[in-house]
Amino acid sequence: MKKHNFSAGPSILPQEVLLKASEAIMDFNNDGLSLLEISHRSKSFVDVMEKARSLALELLGLEGKGYKALFLQGGASTQFLMVALNLLEKRAAYLNTGTWSDKAVKEAKIYDDILEVASSKDAGYNYIPKGFDIPSDHDYLHITSNNTIFGTQMKTIPNSPIPLVCDMSSDIFSRTLDYSKFDLIYAGAQKNMGPAGTTLVIVKEDVLGNVSRKIPSMMDYKVHISKSSMFNTPPVFAVYTSMLTLEWLKNLGGIKAIEEVNEMKARVMYSEIDLNPLFKGYANKEDRSNMNATFTLANEDLKETFETMLKEAGISGLNGHRSIGGYRASMYNALPLDSVKALVEVMSELETKA
Ligand SMILES: *Cc1c(COP(=O)(O)O)cnc(C)c1O
């Protein structure tokens, strides 16, 4: 039986996407060949890449606004470095809201002494700092829109006088925003878009070409743009499956439609966390993520009973990140409302048992 999949990443994909992707492995486009055994330069695959790139821009409302979409490799973790290589000339500013931001800072520090405009590290990253100053003489501001591990999410995106770079790995395509506020967005596919193996980068072309260093070709956004995201062999399966998910989202009504479902799921989840005395939310209420809900059991003695009940209900992937423990319900786009209801049911049943 299919489980309720709350995994933080790699994570749930729509059933119809999994079905189409598996069919393409056996026979792609009824060509008598697998997607995995054709040239990435074949028309069939070039069409896939172009469709994936244009759907990404279309869904975010960024078509015709000077942006390019790329499907690269090396995960979001490579972007920590690539952003600095391509944009950091003198000094950059970073907002430190979690483990991933911290890692981004560490990579950028290879090139320069980075300014942290604010950090919530002192409070175990359970909130989003607000009201910080953004220095106008820095090369860019880097933010992380959703903190997958701690379960916080930036509800408002700052108006930045300098180029705005965002790690959007765990909430891209989940909510309506003015995406033109960003100059560079990156996201590993495996949270809210597809399988592991590719990273979507959306970049406004006019922020490129302003650094004096030599950039290795594989690390150079301009090289990837000039080769239409085919500078080297792309991860064909990850790009194809991401394209299928983007098509699924478009057919559903796009970001606006999925945002309503995501808000509903978050309401159901957080109201149980708040009303049930056996559970305690981790993140500051106003900064709670609609994607990753983090919580703990108030009474550790109930751990075994709770986890047995979860197992019996077919609920999977609820363990918190190893660095903070507790529980984390990841409610990405493909997770149905019914899965959240199933989880909430187990939580309230536990209350009657306790
Ligand atoms: C998962 C995650 C990453 C790391 O992604 P990789 O693809 O494993 O490098 C970076 N940032 C955020 C916000 C994430 O959720």
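Numbering of ligands and ligand atoms starts at 1, following listing order. Nothing fancy with the numbering, it's 1 onward along the sequence. Owing to the predicted nature of the structure, the values given are computational and were not obtained by experimental measurement.
When only non-hydrogen protein atoms are considered, atom 15 (O) of ligand 1 lies nearest to Thr148 OG1, 2.4 Å. In terms of protein heavy-atom proximity, atom 9 (O) of ligand 1 is nearest to Ser77 OG, 2.6 Å. Nearest protein neighbour of atom 11 (N) of ligand 1, counting heavy atoms only, is Asp167 OD2, 2.6 Å. Taking atom 1 (C) of ligand 1 as the reference point, the nearest protein heavy-atom neighbour is Lys191 NZ, 1.6 Å.
Aromatic rings of Phe279 and Phe306 (six-membered ring for Trp) have centroids within the 6.0 Å cut-off, being under it. Here Phe6 and Tyr332 keep their ring centres 6.0 angstrom or further from each other. Here the two rings, on Tyr270 and Phe295, have centers that are 6.0 Å apart or farther.
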Scan the side chains in residues 102-110 for donor-acceptor partners under 3.5 Å anywhere in the protein, sequence neighbours excluded, and list what turns up.
from   : atom 1 : to     : atom 2 : distance (Å)
Asp102 : OD1    : Asn96  : ND2    : 2.8
Asp102 : OD2    : Lys121 : NZ     : 3.1

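Atoms of ligand 1 found under 4.0 Å from any heavy atom of Asn146 (numbered from 1 in listed order, with element): 13 (C). In the vicinity of Gly75, heavy-atom distances shorter than 4.0 Å reach the ligand 1 atoms 7 (O), 9 (O).
Residue contacts with ligand 1 include Gln190, since one or more of its heavy atoms lies under 4.0 Å from the ligand. Contact annotation: Thr78 has no heavy atom less than 4.0 Å from any atom of ligand 1.
Residue Glu312 forms a side-chain contact (heavy atoms from CB on, under 4.5 Å) with just one option from Thr308, Leu310, Ile315, and that option is Thr308.
Backbone and side-chain nitrogen or oxygen atoms of Ala76 are examined, and one is located within less than 3.5 angstrom of a nitrogen or oxygen of ligand 1.
Between Phe28 and Tyr240, the ring planes are perpendicular. Angles over 60° get that label, and only those under 30° would be called parallel.
With a heavy-atom cut-off of 4.0 Å, Lys103 does not touch ligand 1 at all.
Of the possible polar contacts, one joining the Asn86 side chain to the Met219 backbone as a donor-acceptor pair under 3.5 Å is found.
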